[in-house]
Every structure is written in C-alpha cells, then in structure tokens.
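Reminder, nothing fancy here: chain letters follow the sequence lines and each chain counts from 1. Computed from a prediction, not measured in an experiment: that's the story for all the values here.
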Amino acid sequence: MAEKYNPRTIEQKWQQRWEADELYVARDDDPRPKYYLLTMLPYTSGDLHFGHYYPMGPSDTLARWKTMNGYNVLFPMGFDAFGLPAENAAIQRGIHPREWTYANIERMRGQLKRMGAMFDWTREVVTCDPEFYRWNQWFFLKMFERGLAYRAMAPANWCPQDKTVLANEQVIDGRCERCGTEVIRRELEQWFFRITDYADELLDHSGIDWPQPVITMQRNWIGRSEGVEVSFGLDAPVGGEDEIRVFTTRIDTIYGATFMVLAPEHRLVAGLTTPDRQQEVRAYIEQSSKQTEIERLSADREKTGVFIGSHCRNRLTGEDIPIYIGDYVLSSYGTGAVMGVPAHDARDFAFAKKYGLAIPVVVAPPGWDGEPLKEAYTGPGTMVNSGSFDGLPSEEGKQKIAEHIEAQGWGKSTVSYRLRDWLISRQRSWGTPIPMIYCETDGIVAVPEEDLPVILPDDAEFKPTGESPLARHEGFLRVDCPKCGRPARRETDTMDTFMDSNWYFMRYVDPHNPERPFARDKAEMWMPVDQYTGGAEHAVMHLLYARFFTKVVRDMGLIGFGEPFKRLFNQGQILGPDGQRMSKSRGNVVSPDKEVERWGADCFRAHLMFMGPWDQGGPFNTAGLAGIWRWMNRAWGVVLEEPGYGDADDGSTKELRHQTHATIKAVSEDIERFGFNTMLARLMEFTTFLIHLRDSGKPVDYPAWLEARDSLILLIAPSLPHLSEELWERTGHSYSVHQRSWPQYDAALAATEEVTLVVQVNGKVRERIQVPAGIAEAEARDLALNSPRIKEGLDGAEVARVVYVPGRLVNVVTK
RNA sequence: GGGGAAGUGUCGGAAUUGGCAGACGAGCAUGACUUAGGAUCAUGUGCCGCAAGGCGUAGGAGUUCGAGUCUCCUCUUCCCCACCA
C-alpha cells in the first residue's frame with residue numbers, strides 16, 4: 001500500500017525547492033520565443049481574499065502550460081499600493097500609511113507564494129516604492145513638456161467645515177463622512193491629462209483580440225457623436241461675446257427650438273441675468289452647487305430651471321427665445337448650453353410642459369395629423385414648419401440645414417465626445433507627488449529631472465483633521481524655485497492611482513533600472529503583453545487609460561507599439577456562498593487561507609477552476625471541493641499503484657492508447673480556450689478509465705501504461721503543480737516536471753473508430769446504431785432505413801426525403 | 001433612461017459549425033466493504049407513466065428535415081454607465 005497523499009508536506013517541500021532553484025525566474029537572454037502573461041496586480045488592502053485567488057489559479061495554469069509548450073514565459077506579480085484605504089487605516093491606527101501598506105504586502109506576498117504560482121518574484125513591482133513612482137513623476141514631466149498635462153479649474157467635493165476635498169466615497173448622502181456637514185461642489189485648480197487628443201485613436205480596437213463587450217463599453221465611454229455647433233445671437237454683447245454656442249446632434253429640429261438652457265456654471269450667466277431675476281438665479285445656482293453625485297444619479301428627477309431675464313435669437317426662425325439655466329445641463333459636455341426643442345427631446349418636453357412653453361412640431365411622425373404631441377417624438381420623419389426645408393425627410397434635412405448654417409457662418413459640423421480629459425489631481429497624501437513648483441516670480445515651474453524623485457515625507461502626521469498632511473508639512477512644502485532660487489512652494493496634490501496601473505507592466509520588463517523607466521531593448525524583447533487577465537470592472541477606466549498612456553509613451557519614442565495588451569480576458573467575479581459579494585458586514589466571507597490549509601493549494605485552486613467557466617464567476621461553495629479531493633487521491637493512487645503487466649490483448653491496448661491520446665487532445669484544446677472546468681472533467685474521466693483498467697485484473701501492456709501514466713502527470717502539471725511534481729519524482733523521473741514538454745497526441749490514435757449513428761424519423765430519435773467512423777453515406781442510409789425500429793416507426797408512411805449528416809445522423813422525413 | 005451579460009435536473013455546470021439535451025462533479029437513494037477515513041467500491045438518479053410511450057433547456061411565436069443554439073416579442077436576474085443635448 002502506497003503512502004497517502006498529503007498536500008501539506010508536499011506543497012511546502014516543492015515551493016521551497018522551486019524558489020531555491022530559481023525555477024521561475026524569467027531570463028532576458030533565453031532563446032525561446034517570449035510570452036508575456038499578465039494578471040492584474042492586487043491592491044494592498046490587507047489579506048488575500050477570494051477575489052485574488054479566483055484569477056490567479058487559472059492564469060498560473062496558463063503560464064505553466066505555455067512554458068511546457070516551449071515559451072520563455074514572463075509571469076510577474078506586484079502590488080498596487082497607493083490609495084485612500086491606506087490613509088484611512090493610518091488615521092484609524094495612528095501610524096504612517098507606509099507601515100500599514102508594507103505590512104500588508106509582506107502578508108500578501110506570503111499568501112501568494114503559498115498558492116504555488118510560478119510568479120517571478122525577482123521582478124516584483126511595488127507602486128509606492130520611490131524607485132517606481134519616481135518614473136510616474138518623470139512621465140508627468142514628459143507629458144507636461146508635450147502639452148499633454150495642463151492645469152484647469154474643475155469641481156471637487158468640498159467640506160466647508162473641515163476645509164478639505166472629499167473623494168466620492170467619503171460623501172455619504174450628500175454629507176461629509178467625518179463631520180456630517182453638507183458637502184458642496186467647489187471649483188479648484190487641478191491637473192489634467194489630455195486624453196481627448198487620443199479619442200479617435202482610442203476608438204480603434206483593430207489588431208487587438210479583446211472581448212466584444214469591453215470594446216463596446218469603451219466605445220460608449222468615449223461616446224463620439226457627430227453634430228453641429230451652432231450659435232444663437234445676443235442683442236447686446238456680454239463680456240465681449242455676442243452669441244451663445246450650442247452643440248446638437250439634431251440640427252434638423254432647430255426650427256422647433258423655443259428656449260435656451262445654460263448650465264448654472266456657464267460663463268455668460270452672470271452677464272445675461274437681468275436685475276429683477278438676480279435673487280432667484282443666485283439661489284438656484286447655490287442650490288445646484290450642492291447637488292452631489294448621488295443626487296444626480298436619479299435621471300428621472302424633475303427637470304428644473306430658472307428664467308434669467310434675457311433672450312437670444314434663433315437665427316433660422318428669426319425669433320427671440322428665452323434663456324434659462326437648468327442643472328440638467330452639464331457644463332462639462334458639449335458647450336454647456338442646450339437649445340430646447342420640446343417636441344423632439346424628452347427632457348425638453350418635460351421642461352416646456354412645466355414652464356408653459358410652446359411645443360411646435362418640426363419633424364412630423366409618420367401619419368401625424370397635426371394634433372399636439374402627448375410626448376416628445378424623437379424618431380425620423382418629415383420636416384414641417386421649417387421654412388424652405390419643409391417636406392424633406394429629417395435625415396436629409398439634417399444635412400441641408402448644416403450646409404445652410406455653415407454657408408451663413410452661424411456654425412459648423414463638428415464632433416463631440418462624452419470622454420473628458422483625465423483629471424489626475426488627488427487632494428490626498430498617499431500617492432505620487434506631482435512634481436511641480438509654484439513660484440511667485442516664475443509661476444508654474446517643473447521640478448528638474450535630476451531632482452526626481454520628489455519623495456513623500458516619512459514624518460507627515462496623519463491625524464483626522466481633514467487637512468492634507470502634505471499641505472501642512474513645512475519640509476515638504478517649502479522649496480527654492482529651480483529658476484530664480486527664491487522661496488516657492490510645492491504642489492501638494494498627488495496623482496490618481498490609475499497613473500500607476502498605466503504602465504506598471506512596462507516596469508516588469510526592467511524592474512531595477514535606475515536610469516530609465518525601462519530599457520528599450522528589454523521593452524522590445526518582452527512587450528506588448530500577449531495575454532492580460534483581470535476583472536471586467538476595469539473595462540473602461542484602467543484599460544482605457546493604459547491604452548492612452550501606451551500611445552503617449554509610443555509618441556515619446558520609448559516603445560514601438562501603441563496597444564499594451566494584445567489579448568484580454570475578463571474572468572468573472574466570485575461571490576459568497578449566499579450569492580452576494582463577499583464582505584465582512586454580510587458575514588459571508590470564506591477565508592481562502594483556511595481552505596488552503598485544509599485541502600492544500602492544488603485542491604483549492606482546482607476546485608475554483610472546476611466550479612464553472614472562468615469568465616462566469618458565481619457563488620463559492622465548499623461542497624464540490626470533496627469531489628476534487630477524491631479525484632486527486634484517485635489520481636495519486638492510479639499513478640503509484642501499478643496494474644499487472646503482461647501480454648495484453650490488442651483491443652485493450654489499443655483502447656488504452658486511444659484514451660491517452662484522445663485525452664491529450666481534449667485537454668490541450670480545452671486549455672487553449674480557457675475551458676478549465678471541462679479540462680478537469682476530461683482528466684477525471686481519464687483517471688477513472690485507468691483505474692477500471694488496472695482493477696479489471698487483466699494484464700496490461702507495459703509501455704502503453706507508462707505512456708498513459710506519464711501523460712496524466714504531465715497533463716495535470718499546469719493545474720496541480722505540487723501534486724504533479726511529487727508524482728513525477730516518485731515515478732522515477734528527473735526534476736522538474738515543469739520543465740518538461742507538453743505531451744503531443746497522435747491524431748490517428750486520438751480519433752474514434754466507432755461512432756453512434758442517430759436515426760430519426762421526422763426529427764425524433766428512433767434508433768442508435770454503432771457504425772465505423774468512416775462509414776459511407778449509402779451504407780449509413782441503408783442501415784438506417786432497414787433498421788426494424790425505423791420500419792416500425794415509419795408504419796408504411798411514404799419517405800419524402802432522407803437527411804444525412806456524415807458520421808452522425810440520418811433523419812427520415814415522411815410526406 | 002442607455003449599454004452589456006445571462007436564464008438548462010435538487011445544486012455547480014456540459015453540449016466546436018443548428019444534429020443523441022443533462023458530460024464531469026456535488027447531493028440524494030440502495031447495496032457491498034470495515035472501518036471512524038472529510039473513506040472506498042458498485043448501481044441508480046430530468047419530469048409524468050406499471051408499461052409502451054409522452055413531455056422537457058424562463059414564457060410565447062417564427063425559420064428549419066431538425067432549435068438549448070438562429071430571428072422576433074414578453075418576463076426575470078446580474079453587471080456597468082447614468083440628465084450626453
């Protein structure tokens with residue numbers, strides 16, 4: 001009786017040996033073709049949880065499988081370490097965020113190692129390490145030089161009591177989470193990246209193999225719309241401007257524009273407000289400044305607005321229309337002004353109803369009889385009440401009116417994007433300092449490259465005062481102007497942490513380079529990433545920013561490609577046993593550490609893979625774990641306890657070899673398409689087959705058994721790295737199974753010799769006949785038609801036609 | 001309101017191009033074994049029916065010799081975005 005399978009001793013033993021032997025260190029000078037497999041790095045929140053385990057097992061399986069297929073695989077890991085949770089934890093515990101973060105990294109690294117993945121830890125990247133974030137600063141300077149980083153006003157959540165900026169998650173029901181004061185939106189000067197310069201290029205996903213839903217979401221996010229920017233005249237110039245510009249995608253409806261709505265923040269509002277309207281307008285603006293994101297979430301909230309006393313001219317109709325302000329108009333989209341066409345826009349319709357404005361129809365719905373509309377008609381139709389354009393189909397009218405407006409010099413066809421420039425300033429202290437200096441004489445001055453990195457101070461005090469520790473840290477704040485040498489002050493804002501994830505994968509190729517973010521030859525050797533895996537929640541933000549940044553780095557001449565990730569895969573999300581997202585407050589958290597301790601890393605990883613398709617996710621259950629456990633023990637047993645060898649009959653040896661090669665084929669195909677659950681099902685079937693053969697008592701052919709047994713070990717190596725290594729050693733092979741080649745199948749042996757021919761009558765299955773795989777059509781038809789059950793089923797009915805699917809099915813259709 | 005994904009036994013799920021619905025695993029049932037091991041082995045397990053047979057992939061229609069798969073409508077669930085002019 002062989003020794004029993006004991007994951008605890010085996011897993012620890014091999015993990016130590018692999019590490020000592022540097023088995024998984026990727027070499028730059030390896031002659032094999034490269035394969036860069038990247039898994040999104042974890043945020044250093046504390047413990048490794050299911051959300052981390054679920055993506056890692058399958059990607060490690062891929063990495064090992066690629067290695068066995070002859071690739072020089074780069075499979076790095078790191079830690080996303082900047083961000084608000086560290087600051088909050090620091091305030092709560094009265095320690096520096098660094099301490100908290102590095103302690104978490106220590107623990108998480110240990111947990112990741114315990115998983116037994118082939119991460120190359122020599123390339124670990126930690127984003128809060130000055131050796132990493134100095135290059136964030138360097139890139140920022142380069143972008144500033146290129147005009148891609150600029151400063152502008154932008155609203156932020158502001159707590160008037162604490163005098164601080166709040167992140168969205170710090171605003172609870174419109175109030176500051178600390179002091180409960182009502183939060184207002186306040187304009188602050190902040191830094192932006194000009195991502196809109198790349199909007200059109202970012203819409204182009206050709207040449208990359210990404211899931212269609214992600215591409216669609218990015219396209220919607222960028223939100224390109226074609227329309228016309230057209231101006232409405234003002235009688236008297238206001239602040240030097242004598243018109244109001246609006247953007248519209250429905251220029252065909254302009255004859256129906258009966259009012260104008262400006263965003264409350266629009267620059268012309270003050271000048272256009274008449275004295276008698278001052279009070280009401282001021283009140284409305286103040287109220288809308290208190291609109292928080294949360295309040296704005298309700299789209300079907302009543303549309304409100306205030307007339308500001310002035311009019312502007314619809315140049316096409318020649319009529320003057322009233323000007324309102326309304327908070328449903330956003331200053332950040334289009335021109336911050338909207339022409340109100342109540343008949344053909346649902347919001348404008350509601351607005352006109354509420355304020356008693358006219359609703360003239362200018363695009364007639366099909367079959368319209370001239371009656372007033374009960375709701376806005378937004379579809380195409382025939383132009384009416386539109387001067388010389390009457391009678392045209394509205395699509396054609398769009399074209400004609402646009403031409404007319406351009407000819408008159410009232411506006412032009414243009415493109416508008418939903419995408420806005422990327423606001424990267426964060427009024428936080430646990431992030432990359434923005435390397436800028438403000439000097440009274442020289443204005444905004446960049447920190448000279450040789451002075452990088454601008455280091456986050458170690459001794460900043462984190463106290464719940466609501467004020468940024470950097471702004472209060474004299475040593476950090478005070479600096480001499482690099483240009484004139486006079487006293488100046490540093491920028492105290494830090495960068496959005498998406499800056500880190502923009503390029504961390506580039507740093508992996510050359511993680512310790514002190515001179516550059518990375519050496520060009522190493523970048524060219526490893527990049528772009530061949531396969532990226534991660535959660536779908538990053539479909540737009542991270543994945544769009546990283547694409548943008550890669551194009552910027554390309555335009556800087558540092559790399560020769562513009563797309564960072566050739567293939568993308570989104571794994572699903574793992575939920576608690578109750579189907580809810582796991583969280584401590586719900587009490588449904590299952591600790592992966594405990595499960596690993598109990599069953600071993602191999603078993604736990606395999607179970608997560610077996611639960612269902614990787615892109616699906618779903619509720620975790622421990623029930624099925626036992627199934628994997630049993631299978632692993634059966635595999636252990638069948639490998640180590642041999643059958644009785646001898647002169648086997650031809651049939652059984654042939655069947656054994658067929659099963660072996662068919663399994664290799666199926667497993668290879670499953671892993672290729674990330675079908676880990678079906679891959680494991682195939683391996684279970686193969687294991688059962690081998691056990692039955694061994695226990696049948698019949699003699700088994702020695703070479704065929706060895707082929708089957710070794711194939712089984714090799715096929716489970718990517719998914720059960722420890723168990724396979726142990727079995728490989730115990731069957732007398734030389735270390736390491738993870739350096740062996742993936743088994744190849746013989747197509748002839750893998751092919752089945754006999755198939756089941758399904759015979760139907762009028763689409764209903766009536767008979768199944770075993771036939772040779774290569775059966776000729778005529779023979780199959782004969783067999784089917786002459787089968788007694790079919791004759792019976794036909795019951796004398798006349799055969800109209802016979803459908804034949806080669807090697808599969810005969811369908812007899814009666815009249 | 002817009003966009004995306006999905007709905008198959010008791011449960012997780014399987015089903016290359018439309019071609020045997022329910023692989024594999026869990027659970028359950030019966031039996032064997034002899035143990036106290038998260039045992040193992042055998043058999044069974046979609047529903048109705050004694051049976052022959054019929055019915056079955058959220059519901060309804062359609063295309064087709066044939067639909068879990070394709071088309072349309074309805075319902076349900078999950079995710080993302082959200083007044084985009």
Tell me the interatomic distance from Arg250(A), atom CZ, to C84(B), atom P, rounded to whole angstroms. 14 Å
Given G4(B), C24(B), C81(B), the nucleotide with the shortest approach to the side chain of Arg418(A): C81(B)
Determine, step by step, whether Tyr255(A) and His344(A) satisfy the ring-ring contact (aromatic ring centres under 6.0 Å, His included) criterion, reporting the C-alpha distance in whole Å, the side-chain angles of both residues, the deciding distance to 0.1 Å, and the verdict. CA-CA 11 Å; Tyr255(A) 281 85; His344(A) 306 293; over 10 Å; no
Determine, for Arg682(A) against Glu669(A), whether the closest basic-nitrogen to carboxylate-oxygen distance falls under 4.0 angstrom. no
Atom pair distance, as rounded to whole Å: NE2 in His607(A) and C1' in C11(B): 12 Å
Between Arg347(A) and C84(B), is there a side-chain N or O to OP1/OP2 distance below 4.0 Å? yes
State the syn/anti category of G9(B) according to its glycosidic angle, syn meaning within 90° of 0. syn
Taking NZ, NE, NH1 and NH2 as the nitrogens, is one of them in Glu395(A) or Lys398(A) under 4.0 Å from a carboxylate oxygen of the other? yes
Given protein heavy atoms under 4.0 Å, the one-letter contact record of nucleotides 36-43 of chain B, with B base, S sugar-phosphate only and - none, is simply --B-SSS-
Rounding to an integer number of angstrom, what distance separates A61(B) and C75(B) when you compare their C1' atoms? 15 Å
Ranking A21(B), G66(B), A15(B) by distance to the side chain of Val765(A), first place goes to A21(B)
Before accepting this row, confirm whether a basic side-chain N of the pair Asp602(A)/Arg605(A) lies closer than 4.0 Å to the acidic partner's carboxylate O. no
Measure from CZ on Arg766(A) to C1' on G53(B) and round the result to the nearest Å. 9 Å
Winner on side-chain proximity to Trp221(A), out of G19(B), C81(B), A85(B), is C81(B)
Counting only side-chain heavy atoms from C-beta out, which of C20(B), G19(B), G12(B) sits nearest to Leu809(A)? G19(B)
Closest nucleotide among A15(B), U17(B), A85(B) to the Thr248(A) side chain: A85(B)
Can you tell me if NZ on Lys354(A) sees more than 12 non-hydrogen neighbours from other groups inside 6.0 Å? yes
Given C55(B), C20(B), A14(B), which nucleotide is nearest the side-chain atoms of Thr756(A)? C20(B)
Among G3(B), C65(B), A82(B), which is the nearest nucleotide to the side chain of Val803(A)? C65(B)
